[in-house]
Asker: 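Handing you this structure, nothing more for now.
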Amino acid sequence: QVQLVESGGGLVQTGGSLSVSCAASGLAFWNYNMGWFRQAPGKEREFVAAIQWSGGSTYYSDSVKGRFTISRDNAKKTVSLQMNSLKPDDTAVYYCAGDRAVRRPVVAVLPWEYEYWGQGTQVTVSS
């Protein structure tokens, strides 16, 4: 049974930092590209960042580039998202997701391309 469990969300002031993590179980984590998505109330789920199975390549949305950093530890089966210079617009539920790397030649950035999802963790940035 595949499980992705996010942790680390919370409340932070504008300009602050927060790190969220995702622990995976029940899958060969090192074979999966991992992504972070977010969804704010009344909005569609949007891509935030992704990392290749090896950790060799990372991808970011324009809205977080330069502020967020995605990383992974294949030995611990975890993927993390370090968020700096947070803005109220970053307020959302953050989800991690996994996609088997063999399924496509490039890292996926669309929600429907991902096989497995966590339950999400709330990040709230106060102004």
Side-chain angles (χ1 to χ4, degrees):
Q1 180 183 357
V2 175
Q3 280 193 310
L4 300 177
V5 180
E6 298 94 338
S7 61
L11 175 64
V12 64
Q13 291 185 333
T14 296
S17 298
L18 200 62
S19 180
V20 290
S21 295
C22 172
S25 62
L27 77 170
F29 184 74
W30 43 90
N31 288 337
Y32 282 73
N33 297 326
M34 299 299 295
W36 283 98
F37 291 78
R38 66 187 182 187
Q39 189 166 18
K43 295 188 177 180
E44 293 186 350
R45 191 167 297 190
E46 65 171 354
F47 170 75
V48 175
I51 187 166
Q52 194 180 30
W53 62 272
S54 65
S57 296
T58 57
Y59 307 83
Y60 298 94
S61 68
D62 288 343
S63 62
V64 307
K65 197 173 297 182
R67 300 188 297 123
F68 290 12
T69 302
I70 188 171
S71 61
R72 67 188 295 159
D73 186 330
N74 283 349
K76 296 182 179 179
K77 295 187 177 181
T78 58
V79 58
S80 299
L81 186 69
Q82 175 65 42
M83 302 179 287
N84 299 327
S85 302
L86 283 160
K87 308 173 183 179
D89 283 349
D90 295 317
T91 295
V93 177
Y94 283 71
Y95 298 90
C96 73
D99 176 45
R100 275 176 295 162
V102 296
R103 294 178 69 196
R104 66 195 85 252
V106 295
V107 174
V109 297
L110 299 173
W112 51 86
E113 293 179 305
Y114 280 80
E115 291 181 87
Y116 300 110
W117 291 86
Q119 82 289 346
T121 185
Q122 177 70 47
V123 172
T124 303
V125 184
S126 63
S127 57

Asker: If you look at every heavy atom in Ala40 and Thr91, which pair is closest and at what distance?
Answerer: CB-O, 3.7 Å

Asker: Quick one: pull up CD in Gln119 and CG in Leu4 and give me the separation to the nearest 0.5 Å.
Answerer: 9.0 Å

Asker: Which pairs, with at least one residue in residues 67-82 and sequence neighbours excluded, count as a salt bridge (charged side-chain N to carboxylate O under 4.0 Å, His left out)?
Answerer: Arg67-Asp90

Asker: Please list, one pair per line, the donor and acceptor atoms closer than 3.5 Å that link side chains of residues 8-31 to other protein atoms, with sequence neighbours excluded.
Answerer:
unit_1, atom_1, unit_2, atom_2, d
Thr14, OG1, Ser126, O, 2.7
Ser17, OG, Asn84, OD1, 2.9
Ser21, OG, Ser80, OG, 3.2

Asker: Working to the nearest 0.5 Å, report the span between CD1 of Ile70 and SG of Cys96.
Answerer: 9.5 Å

Asker: Evaluate the criterion side-chain contact (heavy atoms from CB on, under 4.5 Å) for residue pair Trp36 and Phe68; output intermediate values, then yes/no.
Answerer: CA-CA 11 Å; Trp36 283 98; Phe68 290 12; over 6 Å; no

Asker: Please answer: with hydrophobic residues joined when any side-chain heavy atoms are less than 4.5 Å apart, are Val2 and Val5 in the same cluster?
Answerer: no

Asker: Which heavy atom of Thr69 sits nearest a heavy atom of Tyr60, and at what distance?
Answerer: CA-OH, 3.3 Å

Asker: Any chance you could measure Leu81, atom CG, to Glu6, atom CD, to the nearest 0.5 Å?
Answerer: 11.0 Å

Asker: Checking the side chain of Asn33 only, and the main-chain atoms of Trp53 only, is there a donor and an acceptor separated by less than 3.5 Å?
Answerer: yes

Asker: Could you report the tightest heavy-atom contact between Arg104 and Glu113, atom names first, then the distance?
Answerer: NH2-O, 2.9 Å

Asker: Taking all heavy atoms of Arg38 and all of Ser63, pick out the closest pair and write down the distance.
Answerer: NH2-OG, 3.5 Å

Asker: Suppose clustering is done on Ile, Leu, Val, Met, Phe, Trp and Tyr with side-chain heavy atoms closer than 4.5 Å. Which residues sit in the same group as Phe37?
Answerer: Phe47, Tyr59, Val93, Tyr95, Val107, Val109, Leu110, Trp112, Tyr114, Trp117

